[in-house]
Structure formats: C-alpha cells, structure tokens
Peer 1: 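Got a structure here, written out as structure tokens. Questions coming.
For clarity, every value in this text was computed on a predicted model and none was experimentally measured. Numbers here are sequence positions counted from 1.
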Amino acid sequence: MKTVICPGSFDPITNGHLNIIERSSALFDNVIVAVLYNPAKQNFCFSPEERAELIRRCTKHLPNVKVEVDSGLLAEFARRHDAVAVVKGLRAMSDFEYEFQQAQLNKKLNNNLETIFITTKSENTYLSSSVVKQICELGGDISDFVPEEVRDDIVKRIKRGVN
Ligand code: PNS
C-alpha cells in the first residue's frame, strides 16, 4: 500500500488543489492532504483546522483521502506516515524553480521521500488561493475557482474581513 502526501497551505482550497488531490487519489492507494505551515506566507484567512475542515468537506467522495494538520517539517510528517512521495501540482515554469528546491531539500531531510509533479489542468494555470481571496475581497464571483461545498464559507469569511 503506497501512501503519498499532497501538502500545502490551502488558504483556502481551490479547484486547482482539488484536481491534484483527485488525480493523486486515482494513482495511489492512500493520499494524505497535509495542511502545513509555510513561513513565507502571512495573514491567513482561515486557521489550519478550518482549512482542513474545508478540504474534508470537498474530498468526501474520495475514500482513500484523509486530511491532517501539522506544524512541523514535511519530511518528518512523511516519515511518521510511511509516505513514499510528495505530490505537487505545477502550474508554470515559475512554480518549478521553487518546487525543485523544496523537493531536493525534502530528499536531503528524508532520503526515502520522492517528489512527484503533476501538471495542472490548463484552465487552472492562473488559479491560486491568493487570487481567489483577492477576487472575493473586491466583490467578484469565485464560483468557477473553488469547490461549491466551500464557496459560501469563503465568501462569508473574506467579506467579513476576518484575517
Ligand atoms: O501551498 P504552499 O504554501 O505552496 O505549500 C508550501 C508548504 C506548506 C508545503 C511548505 O511550506 C512546507 O512544506 N512547509 C512545512 C515546513 C517544511 O517542511 N518546509 C520545507 C523545509 S524548510
């Protein structure tokens, strides 16, 4: 049984994230979506537990997917869960440089851990959690960008201006 990890900040989950999770779920026995801490990001709209709850809500149809929150290193999280690989979505070459460095670092920290890249669907190349938050904040419609199950909660939170 092979377990892989789909890690990220997920503040909040987007259709782009969900597509990568669904494709990972079709390829591997078990998928753990890990809501982790990215020190480069600040002013989160949702707490880690809230983000995990939103992800659980839109991955209910995927029986081999579970969602966890962790505040430590991805490499250690993977070791504890006997994961063989990290799966990341790549939107563009600009993602690659950063992801390549992270992959090498994670391999150095956990030699049993591979990183697998899945290219994003073309309609999601411009999509990110930051773009969703910005559109929402400025009163735009995010229906095409986030799963329906979580849309209202995202709109409510961002319109209220809770950070
Ligand atoms: O969605 P993001 O913000 O691009 O995801 C990045 C994330 C959270 C996967 C990355 O920052 C991460 O792995 N954080 C956990 C801490 C860690 O292991 N950092 C890498 C070694 S310094």
Peer 1: Applying salt bridge (charged side-chain N to carboxylate O under 4.0 Å, His left out), can you list everything that pairs with Glu76, at least two apart in sequence or on another chain?
Peer 2: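 So Glu76 forms a salt bridge (charged side-chain N to carboxylate O under 4.0 Å, His left out) with Arg79.
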Peer 1: Where is the tightest heavy-atom contact between Arg91 and Thr120, given as atom of each residue plus distance?
Peer 2: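 Result for this residue pair: CA-CG2, 3.4 Å.
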Peer 1: Atom OG1 in Thr119, atom CG in Asn124: separation rounded to 0.5 Å?
Peer 2: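 Output value for this atom pair is 11.0 Å.
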Peer 1: How far does CD of Glu22 sit from CD1 of Ile118, to the nearest 0.5 angstrom?
Peer 2: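 Those atoms lie 11.5 Å apart.
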Peer 1: List the steps, then state whether side-chain contact (heavy atoms from CB on, under 4.5 Å) holds for Phe117 with Asp95.
Peer 2: CA-CA 11 Å; Phe117 295 113; Asp95 279 346; over 6 Å; no
Peer 1: Looking at Arg57 and Val150, would you say the former's side chain and the latter's main chain have a donor-acceptor pair under 3.5 Å?
Peer 2: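 Side chain of Arg57 to backbone of Val150: no pair is present.
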Peer 1: Could you go through Gln101 and Leu105, starting from their C-alpha distance and side-chain angles, then the distance that decides it, and tell me whether this counts as side-chain contact (heavy atoms from CB on, under 4.5 Å)?
Peer 2: CA-CA 6 Å; Gln101 275 184 357; Leu105 189 55; over 6 Å; no
Peer 1: Nearest 0.5 Å, what's the CG-CG distance between Leu127 and Asn15?
Peer 2: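 The CG atom of Asn15 is 6.5 Å from CG of Leu127, to the nearest 0.5 Å.
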Peer 1: Which is it for Lys133 and Glu137 under the salt bridge (Lys or Arg N to Asp or Glu O under 4.0 Å) test, yes or no, and what are the steps along the way?
Peer 2: CA-CA 6 Å; Lys133 286 185 273 193; Glu137 210 173 337; over 6 Å; no
Peer 1: List the steps, then state whether side-chain contact (heavy atoms from CB on, under 4.5 Å) holds for Glu49 with Val69.
Peer 2: CA-CA 7 Å; Glu49 269 309 333; Val69 173; 3.7 Å; yes
Peer 1: Salt-bridge test for Arg51 and Asp11: reply yes if a basic N is under 4.0 Å from a carboxylate O, no otherwise.
Peer 2: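 Result for this pair is yes, salt bridge flagged.
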Peer 1: Tell me the closest heavy-atom pair linking Pro48 and Val35, and the distance in Å.
Peer 2: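 Nearest heavy atoms, Pro48 then Val35: O-CG1, 4.0 Å.
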Peer 1: Drop me the distance from Ser129's OG to Phe145's CZ, to the nearest 0.5 angstrom.
Peer 2: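 Going from the OG atom of Ser129 to the CZ atom of Phe145 covers 12.5 Å.
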Peer 1: Quick check for you: to the nearest 0.5 Å, what is the distance between Asn64 atom CG and Leu62 atom CG?
Peer 2: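 Spacing of CG (Asn64) from CG (Leu62) equals 6.5 Å.
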Peer 1: Show the nearest heavy-atom pair for residues Cys136 and Ile154, with the distance to one decimal.
Peer 2: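 Residues Cys136 and Ile154, closest heavy atoms: SG-O, 4.1 Å.
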Peer 1: What are the two closest non-hydrogen atoms of Cys58 and Leu18, and how far apart are they?
Peer 2: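 Looking at all heavy atoms of both residues, the shortest contact is O-CD1, 3.5 Å.
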Peer 1: Do Leu109 and Ile5 share a hydrophobic cluster, counting only Ile, Leu, Val, Met, Phe, Trp and Tyr and linking them when any side-chain heavy atoms are less than 4.5 Å apart?
Peer 2: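 As far as the 4.5 Å side-chain criterion goes, Ile5 and Leu109 are not connected within one cluster.
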Peer 1: I'd like to check the side-chain contact (heavy atoms from CB on, under 4.5 Å) partners of Arg151; sequence neighbours left out, ordered by chain and number.
Peer 2: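 If we apply the side-chain contact (heavy atoms from CB on, under 4.5 Å) test to Arg151, skipping adjacent residues, the hits are Ile142, Ser143, Val146, Glu148, Val155.
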Peer 1: Of all the heavy-atom pairs spanning Ala83 and Leu113, show the shortest one and how long it is.
Peer 2: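 Answer, listing the atom of Ala83 first, then Leu113: O-CD1, 3.9 Å.
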Peer 1: Do Phe10 and Leu90 belong together in a cluster built from hydrophobic side chains that touch within less than 4.5 Å?
Peer 2: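 Different clusters: Phe10 never reaches Leu90 through Ile, Leu, Val, Met, Phe, Trp or Tyr contacts under 4.5 Å.
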Peer 1: Given side chains that start at C-beta, do those of Val33 and Lys66 come closer than 4.5 Å, heavy atoms only?
Peer 2: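 Side-chain contact under 4.5 Å: no.
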Peer 1: For Lys88, is there an ion pair with Glu99 - N to carboxylate O distance below 4.0 angstrom?
Peer 2: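 Counted as a salt bridge, because a side-chain N and a carboxylate O are separated by less than 4.0 Å.
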Peer 1: Same hydrophobic cluster for Phe77 and Leu73, using side-chain heavy-atom links shorter than 4.5 Å among ILVMFWY?
Peer 2: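 No, because Phe77 and Leu73 fall into different hydrophobic clusters, even though each may have its own neighbours under 4.5 Å.
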Peer 1: Taking atom CD1 of Ile13 and atom CD1 of Ile55, what is their separation to the nearest 0.5 Å?
Peer 2: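 Answer for the CD1-CD1 pair, Ile13 versus Ile55, is 5.0 Å.
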Peer 1: Can any side-chain N or O of His81 pair as donor or acceptor with the backbone N or O of Ala78 at less than 3.5 Å?
Peer 2: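 Judged by distance alone, no pair lies under 3.5 Å.
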Peer 1: Go through the structure and list residues passing salt bridge (charged side-chain N to carboxylate O under 4.0 Å, His left out) with Lys121, not counting sequence neighbours.
Peer 2: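 Once residues adjacent in sequence are excluded, the partners of Lys121 under the salt bridge (charged side-chain N to carboxylate O under 4.0 Å, His left out) criterion are Glu123.
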Peer 1: Does Arg157 pair with Glu50 as a salt bridge, N-O distance under 4.0 Å?
Peer 2: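 Between Glu50 and Arg157 there is a salt bridge, with a charged N closer than 4.0 Å to a carboxylate O.
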Peer 1: Just so I know, are the side chains of Phe28 and Val87 near enough to count as touching, which here means a heavy-atom distance under 4.5 Å?
Peer 2: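 Answer yes - side chains close enough.
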Peer 1: Give a yes or no on this: more than 12 heavy atoms of other residues, nucleotides or ligands lie within 6.0 Å of atom OH of Tyr126.
Peer 2: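 Correct, the count exceeds 12.
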Peer 1: Could you go step by step and tell me if Val131 and Ser128 meet the side-chain contact (heavy atoms from CB on, under 4.5 Å) rule?
Peer 2: CA-CA 5 Å; Val131 159; Ser128 67; 3.3 Å; yes
Peer 1: Considering only heavy atoms from C-beta outward, does the side chain of Val84 approach that of Thr3 to under 4.5 Å?
Peer 2: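 Not touching, per the 4.5 Å side-chain cut-off.
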Peer 1: What about Val31 and Val86, same hydrophobic cluster or not, with Ile/Leu/Val/Met/Phe/Trp/Tyr joined at side-chain heavy-atom distances under 4.5 Å?
Peer 2: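 No; Val86 is not reachable from Val31 via cluster members.
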Peer 1: Where do Asn38 and Ser9 come nearest, in terms of heavy atoms and distance?
Peer 2: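 Looking at all heavy atoms of both residues, the closest pair is CB-OG, 3.6 Å.
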Peer 1: Please check if Val4 and Val67 belong to a single hydrophobic cluster, counting links between Ile, Leu, Val, Met, Phe, Trp and Tyr side chain heavy atoms closer than 4.5 Å.
Peer 2: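 The answer is yes; both residues are in one hydrophobic cluster.
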